Every structure is written in C-alpha cells, then in structure tokens.
Colleague: 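Got a structure for you, questions after.
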Amino acid sequence: MFRRARSLAGGPGRLGRLCRVLGLAAATVLAAGMPSRAADLQMPVPVAIVYPGQSIIDRGLSTGEFIVKDDKVGLFVLDEKMLQGMVAKRTLLPGNAIRLTDIAMPDLVKAGSQVTLVYREAGLVITSLGTALRSGAEGDLVKVRNIDSGIVVSGVIDSDGTIRIEG
C-alpha cells in the first residue's frame, strides 16, 4: 500500500511519470499559445542611493524604461507625483524601479519623543503629555505612555503630531 501511494504521488511508478510528461506537455502548449502581455513603461528611478527615511525626491530622480507584465504594473511607482512627500522604507538603488511597498509617509512621531495626548468628547477636551512607544506617520495607531499616570494608551496620530485618544 505504501509503494502504491508513493507512485501515485509522482514517485518512480508509471502513473507518476505519465503525470510529469502530461504536465510538461500542457505547460509547453500554454506557453506557445498564450503570449504573456507586457507594457513598455517610463518610470521614475533614483539617481543616487536613497536610504530608509530619506526623501526620494530630494535625493534626485530620473526616468528609466522598463518592460513590466500587465498584471504587475500596479506594484510600481509610475509617476513622480506618487513620490511627493514620501520617504524610502528600504534602501533604493540608482536606476532601479521603485515599488509601492518601498515608500511610505514620513514619521511625524518618533519613538521616545514627548507628544501631546488629546481626548475629545461632547465639548470636553482633555490634554496630557505622553511618551511615544513607537514611531508612526499620520493616521497610524500608536501606543503612548501617559507621563502623569504611567498608563499606556493607544491613539491615532493627527496631522499636527498630536495623538488623538478615542474612547
């Protein structure tokens, strides 16, 4: 019973060899009959090494020509406007295409920095000071330790760098 199960799974048996041959034949037919579609694109590329946290536009941009499969086009930065106000999340090399996963909004709040906590509800506004426990950009949820009480709370970073506590 064990040998038969192995041969059905593609082992040395006849059925395993037949499956491999049919699989190769099917792959050949598909590759010959269905050409993959690709687009020739001009995309922005860095002209110098851009390290994590650095502004991509400030380091300089050029354009490069790339052939990208149609289903992969949405993974790349296609226009310089998409890089406005963005920083690199990882090291970007000159002349290489920039993926959307390689860029991010810059951190407004740095881990360990003092921030203002704001709680608003029905005309009541309470503010306090806290220490950010992690860095984040506008709209990110971060944990902050209240300086007065020592309690850790979570809040959303607003555009002015304050942390909005929601109850």
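Computed from a predicted structure; not experimentally measured. The first residue of the sequence shown is numbered 1, and numbering continues consecutively from there.
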Colleague: Any heavy-atom pair between the side chains of I103 and L83 that's under 4.5 Å?
Modeller: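 L83 reaches I103 side chain to side chain.
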Colleague: I'd like to know if the side chain of D79 and the backbone of M82 have a donor-acceptor N/O pair within less than 3.5 Å.
Modeller: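 No, D79 side chain to M82 backbone: no donor-acceptor pair under 3.5 Å.
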Colleague: Would you please name every residue forming a side chain to side chain donor-acceptor pair (under 3.5 Å) with E80, sequence neighbours left out?
Modeller: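 E80 satisfies side chain to side chain donor-acceptor pair (under 3.5 Å) with no residue once adjacent residues are dropped.
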Colleague: Going through the checks in order, is the side-chain contact (heavy atoms from CB on, under 4.5 Å) test met by S128 and I126?
Modeller: CA-CA 7 Å; S128 182; I126 301 173; 5.5 Å; no
Colleague: Is L93 atom CG crowded by more than 12 heavy atoms from other residues, nucleotides or ligands, each under 6.0 Å away?
Modeller: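 More than 12 heavy atoms, drawn from other residues, nucleotides or ligands, come within 6.0 Å of this atom.
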Colleague: Quick one: side-chain contact (heavy atoms from CB on, under 4.5 Å) partners of L129, sequence neighbours excluded?
Modeller: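 Listed in chain order: Q114, T116, I147.
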Colleague: Please give me the minimum heavy-atom distance between A137 and P106, naming the atom from each residue.
Modeller: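 It is CB-O, 3.4 Å.
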Colleague: Taking all non-hydrogen atoms of both residues into account, name the closest pair between R59 and V47 and its distance.
Modeller: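 Here R59 and V47 meet closest at O-CG2, 3.7 Å.
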Colleague: Please determine whether residues L108 and I163 belong to a single hydrophobic cluster, defined as Ile, Leu, Val, Met, Phe, Trp and Tyr linked transitively by side-chain heavy-atom distances below 4.5 Å.
Modeller: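 In one cluster with L108: I163, yes.
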Colleague: Determine whether a donor-acceptor pair (N or O, by modelled atom type, separation under 3.5 Å) exists between the side chain of R134 and the backbone of K143.
Modeller: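 No; zero donor-acceptor contacts below 3.5 Å.
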Colleague: Verify the cluster assignment for L41 and L75: are they in a single hydrophobic cluster under the rule of side-chain heavy atoms below 4.5 Å apart?
Modeller: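 Same cluster: L41 reaches L75 through Ile, Leu, Val, Met, Phe, Trp or Tyr contacts under 4.5 Å.
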Colleague: Carefully, step by step, assess R90 and D102 under the rule salt bridge (Lys or Arg N to Asp or Glu O under 4.0 Å).
Modeller: CA-CA 6 Å; R90 67 173 190 86; D102 295 341; 2.8 Å; yes
Colleague: Of the non-hydrogen atoms in G161 and I157, which two are nearest, and what is the gap between them?
Modeller: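 Shortest heavy-atom contact: CA-CG2, 4.5 Å.
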Colleague: Determine yes or no for a side-chain-to-main-chain donor-acceptor pair under 3.5 angstrom, with D107 supplying the side chain and V109 the backbone.
Modeller: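 Answer holds: no.
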Colleague: Looking only at heavy atoms, what is the nearest atom pair of F66 and N96, with distance?
Modeller: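 Here F66 and N96 meet closest at CZ-C, 4.2 Å.
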Colleague: If you count the non-hydrogen atoms of other residues, nucleotides and ligands that lie under 6.0 Å from CD1 in I151, is the total more than 12?
Modeller: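 Atom CD1 in I151 is not packed in, count stays at 12 or less.
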Colleague: Quick check against the 3.5 Å criterion: does S135 have a side-chain atom that pairs as donor or acceptor with the backbone of A111?
Modeller: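 Here the side-chain-to-backbone pair exists.
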Colleague: For S55, does its backbone N or O pair with a side-chain atom of D58 as donor and acceptor, under 3.5 Å?
Modeller: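 No, the answer is negative, given that no donor and acceptor are paired below the 3.5 Å cut-off.
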Colleague: Please check if the side chain of Q84 supplies one atom and the backbone of K81 the other of a donor-acceptor pair under 3.5 Å.
Modeller: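 Absent.
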Colleague: Are Y51 and L61 connected in a single hydrophobic cluster, I mean Ile/Leu/Val/Met/Phe/Trp/Tyr linked by side-chain heavy atoms less than 4.5 Å apart?
Modeller: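 Cluster IDs for L61 and Y51 differ.
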Colleague: With the 4.5 Å side-chain cut-off for hydrophobic clustering, are V45 and V68 part of the same group?
Modeller: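 V45 clusters together with V68.
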Colleague: Are any non-hydrogen side-chain atoms of V156 and R164 less than 4.5 angstrom apart?
Modeller: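 SC-SC contact between V156 and R164 confirmed.
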Colleague: Just do the side-chain contact (heavy atoms from CB on, under 4.5 Å) check on L117 and V144 with the steps written out, would you?
Modeller: CA-CA 8 Å; L117 306 173; V144 180; 3.5 Å; yes
Colleague: OG/S62 to CD/Q42 distance, rounded to the nearest 0.5 angstrom?
Modeller: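 Here the interatomic distance stands at 9.0 Å.
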Colleague: So do the side chains of L92 and I49 get within less than 4.5 Å of each other, counting heavy atoms only?
Modeller: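 L92 does not reach I49 side chain to side chain.
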Colleague: If you link ILVMFWY side chains whenever their heavy atoms are less than 4.5 Å apart, which other residues fall into the same cluster as L133? By chain and number, please.
Modeller: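 Once heavy-atom contacts under 4.5 Å are chained together, L133 belongs with V152.
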Colleague: Are there more than 12 heavy atoms of other residues, nucleotides or ligands under 6.0 Å from atom CZ of R120?
Modeller: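 Count not over threshold, so no.
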Colleague: What heavy-atom pair brings P52 and K89 nearest, and what distance separates the two atoms?
Modeller: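 Of all heavy-atom pairs spanning P52 and K89, the closest is CB-O, 3.8 Å.
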Colleague: Is it the case that one hydrophobic cluster holds both I56 and V77, taking links as side-chain heavy atoms less than 4.5 Å apart, direct or via other members?
Modeller: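 Yes; tracing contacts between hydrophobic side chains, which count when under 4.5 Å, links both residues.
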Colleague: For I165 and Y119, work out which heavy atoms get closest and say how close.
Modeller: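 Heavy-atom minimum between the residues: O-CD1, 3.4 Å.
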Colleague: Spell out, as yes or no, whether a donor-acceptor pair under 3.5 Å connects the side chain of D158 to the backbone of D160.
Modeller: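 No; judged by distance alone, with no hydrogens or angles, the pair does not exist.
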